[in-house]
A.B. asks: 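Sharing a structure here in C-alpha cells format.
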Amino acid sequence: MSLVGKKFPNVTVDAMSEMGDDLRINIFEETTKNQQKVILFWYPKDFTFVCPTELHAFQEALGEFEKRNTKVIGASCDTNEVHFAWLNVSKDNGGIEGVTYPLLADTHRQLANTLGIVDQDFEYNEEGEEVFTGSNVTYRATYLIDETGKVFHESVNDMPLGRNVKEYLRLIDAYTHVQKHGEVCPANWEEGKDAMKADRNSTAEYLAKN
C-alpha cells in the first residue's frame, strides 16, 4: 500500500550514531518537531555489496541535503552492534567508515513490516504446514517526508539495483518549489527551469516553448 500523500508511521526505532551512541529515532517526530524534511533510505544488509556504495553516495551528498533542510537517515534490520562494527571498517575494505548520519536498527522489523518492504512470504507444504520463504531483509525502499510528516515520494528497488542519489535531490527541489510557489513541476524539471500553473493554458504555453 502506498504511503504517498499520507503521514509516515509514528513508530520509534533503535538507531546507531557514527560515534557508537545508541539512539531512539521516530521519523515522524524528526520532521514535525524539527520542521525539516527527511530522506529515509532502507538497504538490505550490512557487510554486503551494493549497500556500502549507496551509503557512501548519500554521505558524499550530505551537504546538499543539509542545504535543503533535509536530514538523511539510513536503515536496515541489522543490530546497532553490527552497524557500529561496519562503521569501523574502512571504505577500501568494503566498510562505511566516514558515514556520519544515523542508521536505524529495526531488528524486530516493526517499522519495516508496517511499510511492507520486507522480502518475506509464507507458503504451505504438503502437510498443510506454514513455511517461511524469503530473505527476511528489506528491499531498497526510499521515502521523502515533508515538515508535516507527509510522504511526498516513495520508491522500492529490488536488491541488486542501486539508487541514483541525485534524483532525490531533484525531487526535494521540485517539492520545495511546489511548496513555495504553488506551481507544478513538469517532466525532467530541475531547479532554475520553468514550472507551470496547474491549468490548461499554462500547460499549453509550456509545451509550446519546450
Side-chain angles (χ1 to χ4, degrees), residues 3-9 11-21 23-44 46 50-76 78 83-84 86-87 91 95-106 111-112 115 117 138-157 161-181 183 185 188-193 195:
L3 283 179
V4 173
K6 302 181 179 68
K7 300 294 185 181
F8 193 83
V11 177
T12 302
V13 182
D14 288 336
M16 171 59 61
S17 77
E18 83 278 10
M19 300 300 293
D21 298 320
L23 308 173
R24 297 279 287 166
I25 292 179
N26 183 307
I27 300 296
F28 181 80
E29 291 180 355
E30 286 289 329
T31 60
T32 55
K33 289 187 176 180
N34 298 324
Q35 283 299 287
Q36 63 181 351
K37 295 179 176 68
V38 165
I39 177 166
L40 173 65
F41 73 97
W42 293 81
Y43 61 93
D46 291 355
V50 176
C51 298
T53 69
E54 292 193 312
L55 271 76
H56 285 297
F58 278 104
Q59 179 65 35
E60 289 168 7
L62 194 60
E64 292 300 318
F65 285 107
E66 290 173 348
K67 287 179 187 176
R68 293 160 172 81
N69 191 34
T70 300
K71 183 168 185 174
V72 176
I73 299 177
S76 78
D78 296 281
H83 281 336
F84 189 56
W86 204 25
L87 282 162
K91 183 178 180 180
I96 58 167
E97 186 179 33
V99 166
T100 60
Y101 49 82
L103 302 176
L104 297 190
D106 190 19
L111 180 55
L115 297 172
I117 58 173
T138 65
Y139 295 103
R140 298 186 193 281
T142 313
Y143 297 87
L144 296 178
I145 306 119
D146 74 10
E147 298 86 349
T148 70
K150 186 182 80 171
V151 177
F152 64 92
H153 169 84
E154 67 178 2
S155 59
V156 182
N157 290 7
L161 305 176
R163 281 162 280 215
N164 183 336
V165 174
K166 291 181 180 178
E167 172 62 4
Y168 301 113
L169 292 169
R170 188 193 74 83
L171 287 166
I172 292 167
D173 286 342
Y175 189 76
T176 302
H177 185 93
V178 172
Q179 289 176 307
K180 288 182 177 179
H181 303 286
E183 295 180 317
C185 296
N188 301 321
W189 183 91
E190 294 176 346
E191 186 66 50
K193 290 187 176 180

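If you read the sequence from its start, that first residue is 1, and numbering goes on from there.
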A.B. asks: What class does the angle between the rings of H177 and W189 fall in, given that below 30° is parallel, 30 to 60° is tilted and above 60° is perpendicular?
C.D. replies: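 Rings of H177 and W189: tilted, as their planes differ by 30° to 60°.
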A.B. asks: Could you walk me through whether N157 and Y139 pass side chain to side chain contact (heavy atoms under 4.5 Å, CB included), step by step?
C.D. replies: CA-CA 6 Å; N157 290 7; Y139 295 103; over 6 Å; no
A.B. asks: To the nearest 0.5 Å, how far apart are CD1 in I172 and NZ in K67?
C.D. replies: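 If we round to the nearest 0.5 Å, I172:CD1 and K67:NZ are 13.0 Å apart.
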A.B. asks: Nearest 0.5 Å please: distance from the CG atom of N34 over to the OG1 atom of T32.
C.D. replies: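 Rounded to the nearest 0.5 Å, the CG-OG1 separation comes out at 8.0 Å.
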A.B. asks: Let me know which of I39, I145, L103, V38 forms a side-chain contact (heavy atoms from CB on, under 4.5 Å) with I73.
C.D. replies: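 The option that passes is V38.
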A.B. asks: Begin from the C-alpha positions of L115 and W42 and carry the test side chain to side chain contact (heavy atoms under 4.5 Å, CB included) through to its verdict.
C.D. replies: CA-CA 11 Å; L115 297 172; W42 293 81; 3.7 Å; yes
A.B. asks: Determine, step by step, whether C51 and W86 satisfy the side chain to side chain contact (heavy atoms under 4.5 Å, CB included) criterion, reporting the C-alpha distance in whole Å, the side-chain angles of both residues, the deciding distance to 0.1 Å, and the verdict.
C.D. replies: CA-CA 11 Å; C51 298; W86 204 25; 3.9 Å; yes
A.B. asks: Are D146 and Q179 side-chain neighbours, meaning at least one heavy-atom pair lies under 4.5 Å?
C.D. replies: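 A side-chain contact exists here, since the closest heavy-atom pair is under 4.5 Å.
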A.B. asks: Checking side chain to side chain donor-acceptor pair (under 3.5 Å) for the pair K91/Q59: CA distance, chi angles, key distance, verdict?
C.D. replies: CA-CA 12 Å; K91 183 178 180 180; Q59 179 65 35; over 6 Å; no
A.B. asks: Indicate the atoms forming the closest heavy-atom contact of E183 with V178, along with that distance.
C.D. replies: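 What the structure gives for the nearest pair is O-CG2, 3.2 Å.
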A.B. asks: Starting at OG1 of T142, measure out to CZ of R163 and round the result to the nearest 0.5 Å.
C.D. replies: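 Answer for the OG1-CZ pair, T142 versus R163, is 4.0 Å.
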A.B. asks: Can you find a heavy atom in the side chain of Y168 that is under 4.5 Å from one in the side chain of V72?
C.D. replies: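 No, side chains not in contact.
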A.B. asks: Determine, step by step, whether V165 and F41 satisfy the side chain to side chain contact (heavy atoms under 4.5 Å, CB included) criterion, reporting the C-alpha distance in whole Å, the side-chain angles of both residues, the deciding distance to 0.1 Å, and the verdict.
C.D. replies: CA-CA 10 Å; V165 174; F41 73 97; over 6 Å; no
A.B. asks: If you count heavy atoms of other groups shown closer than 6.0 angstrom to CG of N164, is the number above 12?
C.D. replies: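 Counting other residues, nucleotides and ligands, CG of N164 exceeds 12 neighbours.
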A.B. asks: How many angstroms lie between CZ in F84 and CD in E18, if you round to the nearest 0.5 Å?
C.D. replies: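 Atom-to-atom, F84:CZ and E18:CD are 9.5 Å apart.
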A.B. asks: When you measure from the side chain of K7 to the backbone of T148, do you find a donor-acceptor pair of N or O atoms at a distance under 3.5 Å?
C.D. replies: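 A pair under 3.5 Å: yes.
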A.B. asks: Using every non-hydrogen atom in the two residues, find where P102 and I25 come nearest and quote the distance to one decimal.
C.D. replies: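 Heavy atoms only, the tightest pair is CB-CD1, 3.7 Å.
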A.B. asks: Would you say K166 has more than 12 foreign heavy atoms packed within less than 6.0 Å of its NZ?
C.D. replies: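 No, NZ of K166 has 12 or fewer neighbouring heavy atoms, counting only those of other groups under 6.0 Å.
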A.B. asks: Take atom NZ of K33 as the centre, draw a 6.0 Å sphere, and report whether it contains more than 12 heavy atoms from other residues, nucleotides or ligands.
C.D. replies: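 Check fails, neighbour count at 12 or below.
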A.B. asks: Would you say D78's side chain and D46's backbone share a donor-acceptor pair under 3.5 angstrom?
C.D. replies: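 At least one qualifying donor-acceptor pair exists.
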A.B. asks: Would you check if the side chain of R140 reaches a backbone N or O of P44 as a donor-acceptor pair within less than 3.5 Å?
C.D. replies: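 Not confirmed, R140 side chain does not pair with P44 backbone.
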A.B. asks: Using side-chain contact (heavy atoms from CB on, under 4.5 Å) as the criterion, point out the one residue from L3, N26, V151, I27 that pairs with P9.
C.D. replies: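 Of L3, N26, V151, I27, side-chain contact (heavy atoms from CB on, under 4.5 Å) with P9 is met by L3 alone.
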A.B. asks: Show your working on side chain to side chain donor-acceptor pair (under 3.5 Å) between R68 and T176 and close with a plain yes or no.
C.D. replies: CA-CA 9 Å; R68 293 160 172 81; T176 302; over 6 Å; no
A.B. asks: Mind checking the OG1-CD spacing from T12 to E30? Nearest 0.5 Å is all I need.
C.D. replies: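 Spacing of OG1 (T12) from CD (E30) equals 10.0 Å.
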A.B. asks: Hey, is the main chain of L111 close enough, under 3.5 Å, to the side chain of D106 for a donor-acceptor pair?
C.D. replies: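 Yes, because the side chain of D106 sits within donor-acceptor range (under 3.5 Å) of the backbone of L111.
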A.B. asks: If only atom types and distance count, is the side chain of H83 paired as donor or acceptor with the main-chain N or O of L104 below 3.5 Å?
C.D. replies: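 Pair found, side chain donor or acceptor close to backbone of L104.
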A.B. asks: Can you tell me how far the CG atom of L144 sits from the NZ atom of K150, to the nearest 0.5 Å?
C.D. replies: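 Answer rounded to 0.5 Å: 12.5 Å.
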A.B. asks: Under 4.5 Å between any side-chain heavy atoms of K37 and N69, yes or no?
C.D. replies: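 Sidechains of N69 and K37: no contact.
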A.B. asks: Any donor-acceptor pair under 3.5 Å linking the side chain of Q35 with the backbone of E147?
C.D. replies: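 The answer is yes, because a donor-acceptor pair under 3.5 Å joins these two groups.
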A.B. asks: Which heavy atom of T138 sits nearest a heavy atom of A112, and at what distance?
C.D. replies: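 Smallest interatomic distance, heavy atoms only, reads CG2-CB, 3.8 Å.
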A.B. asks: Is a donor on one side and an acceptor on the other found under 3.5 Å between the side chain of E54 and the backbone of Y43?
C.D. replies: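 No.
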